[in-house]
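Data block below; observations after.
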Amino acid sequence: MKLIDLLQDSILNRKISEKIAGDLLKISSEQLFLRKKNLAISPAVCKKFKKAEKAIVERGLPYQYAVGKSWFYGREFIVNKDVLIPRIETELLVQKALSFLHDRIKNLELGIRNKKITIIDVGTGTGCLAVSLYKESRKFMIRNSQFTIQLYATDISEKALSVARKNSKIHKTKIIFLKSDLLDNPKLPQKFDLVLANLPYLPSADIIPENSIYNEPKIALNGGKDGLDLIEKLIRDLPNRLAKNGLAILEIDPRQKTEIGEYTKKYQLKTIFRNDLNNRTRFAMLENKR
Ligand SMILES: C[S@@+](CC[C@H](N)C(=O)[O-])C[C@H]1O[C@@H](n2cnc3c(N)ncnc32)[C@H](O)[C@@H]1O
């Protein structure tokens with residue numbers, strides 16, 4: 001069968017059917033566009049496409065769950081119903097973390113003795129943040145071989161950790177994965193230079209069947225009544241768990257800016273908010289100056 005016929009027969013939105021076909025054939029959307037008229041596809045790919053199409057149409061599954069993978073920061077990640085599908089806005093969190101590392105290395109060069117940088121990704125899900133940071137940081141760590149990074153990633157869900165470990169193996173990273181309620185595992189170091197967290201931050205009332213996120217794990221979405229249960233719990237720990245001049249970068253709901261700003265004052269954390277690509281407040285950057 002020709003790919004063009006498969007796409008034309010599909011009842012899915014054209015963008016989604018092209019995305020699924022591209023994923024199954026392991027070719028980019030540009031390649032797909034150039035080659036789709038003549039590309040012959042095997043019965044096996046055709047069968048997988050039909051199966052994904054059925055899951056999307058009949059069960060309302062996001063296409064990433066239907067094909068079992070998603071993309072984040074230029075890499076492919078395994079996803080299943082036990083993990084949140086990585087979001088494009090979260091890629092900015094990786095950029096901010098890299099910028100922190102870059103500055104930290106410059107400062108260490110200026111004479112600070114401790115040349116080990118300890119990082120944790122709290123609520124790792126697919127592992128997309130930890131894996132991306134590990135891979136991207138290699139690029140400039142190679143040029144600065146006197147520095148080492150120790151990367152931890154935690155999740156309260158054993159099933160999510162199992163997905164994250166698989167992704168870590170595929171991308172050949174050396175991340176330590178631990179089951180933990182936030183930072184509460186004795187195997188974790190006491191202090192971190194950098195804490196990354198995209199914790200569940202939606203108010204419980206937002207998680208309703210009419211909302212497209214409803215298919216994703218509640219444990220990855222539900223932040224309690226105002227969405228802040230876990231974020232506030234983590235903030236309470238930060239004065240003790242962030243090293244001096246350490247930074248925490250939290251992904252947040254734009255509606256939480258004022259409350260988080262008030263809350264962090266109590267804990268003497270210097271707080272700056274940053275926007276996402278839609279110009280909505282999406283990140284809280286909390287620095288421990290003590
Ligand atoms: C919004 S998802 C983020 C996943 C991933 N970091 C990302 O950015 O795509 C939140 C994750 O936090 C985990 N989680 C929920 N409660 C937690 C807790 N108390 N401690 C650690 N992880 C938790 C969930 O299982 C889920 O994997």
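Ligands are counted one by one from 1 in listed order, and the atoms in each one are counted from 1 as well.
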Legend entry - Residue, atom name and distance, where the atom is the protein heavy atom closest to atom 1 (C) of ligand 1: A220 O, 2.9 Å

Inset, instruction - Answer yes or no for K218 and Y214: cation-pi contact, defined as NZ/CZ to six-membered ring centre under 6.0 Å and angle to ring axis within 45°. - result: yes

Inset, instruction - Flag the pair K257 and E262 as a salt bridge only when some basic side-chain nitrogen lies within less than 4.0 angstrom of an acidic carboxylate oxygen. - result: no

Legend entry - Short N or O distance, N198 and ligand 1, threshold 3.5 Å exclusive: yes

Inset, instruction - Using distance alone, determine whether G123 and ligand 1 share an N or O pair under 3.5 Å. - result: yes

Inset, instruction - Determine whether any heavy atom of L230 lies closer than 4.0 Å to an atom of ligand 1. - result: yes

Inset, instruction - For ligand 1, note which part of T124 has a heavy atom under 4.0 Å away: side chain, backbone, both or neither. - result: backbone

Legend entry - Pair S204, N222: side-chain N/O donor-acceptor within cut-off below 3.5 Å: yes

Legend entry - Numbering as shown, the atoms of ligand 1 that approach S180 to under 4.0 Å (heavy-atom distance): 20 (N), 21 (C)

Legend entry - Check: D155 N/O within less than 3.5 Å of ligand 1 N/O: yes

Inset, instruction - Decide, yes or no, whether a salt bridge links D226 with R255 under the criterion of side-chain N to carboxylate O below 4.0 Å. - result: no

Inset, instruction - Report yes or no: do Y201 and E251 form a side-chain donor-acceptor pair below 3.5 Å? - result: yes

Inset, instruction - Report, in ascending order of atom number, the atoms of ligand 1 lying under 4.0 Å from any heavy atom of T90. - result: 8 (O)

Inset, instruction - Establish, for the pair R104 and F100, whether the NZ or CZ atom is under 6.0 angstrom from the six-membered ring centre and no further than 45 degrees off its axis. - result: no

Legend entry - Residue portion contacting ligand 1 (non-hydrogen atoms closer than 4.0 Å) for C128: side chain

Inset, instruction - Report yes if I156 has an N/O atom closer than 3.5 Å to an N/O atom of ligand 1; otherwise report no. - result: yes

Inset, instruction - Flag the pair H171 / F77 as yes when their ring centroid distance falls below 6.0 Å, and as no otherwise. - result: yes

Inset, instruction - Return yes or no for this condition: an N or O of L182 is under 3.5 Å from an N or O of ligand 1. - result: yes

Inset, instruction - Within a distance under 4.0 Å of any heavy atom of P200, pick out the atoms of ligand 1 and give their elements. - result: 10 (C), 12 (O), 15 (C)

Legend entry - Contact check: D181 vs ligand 1, nitrogen or oxygen atoms, below 3.5 angstrom: yes

Inset, instruction - Report the nearest protein non-hydrogen atom to atom 15 (C) of ligand 1: residue, atom name, distance rounded to 0.1 Å. - result: I219 O, 3.3 Å

Legend entry - Check ion pair E18-K15 (N to O, under 4.0 angstrom): no

Legend entry - Side-chain heavy atoms of K233 within contact of D237, under 4.5 Å: no

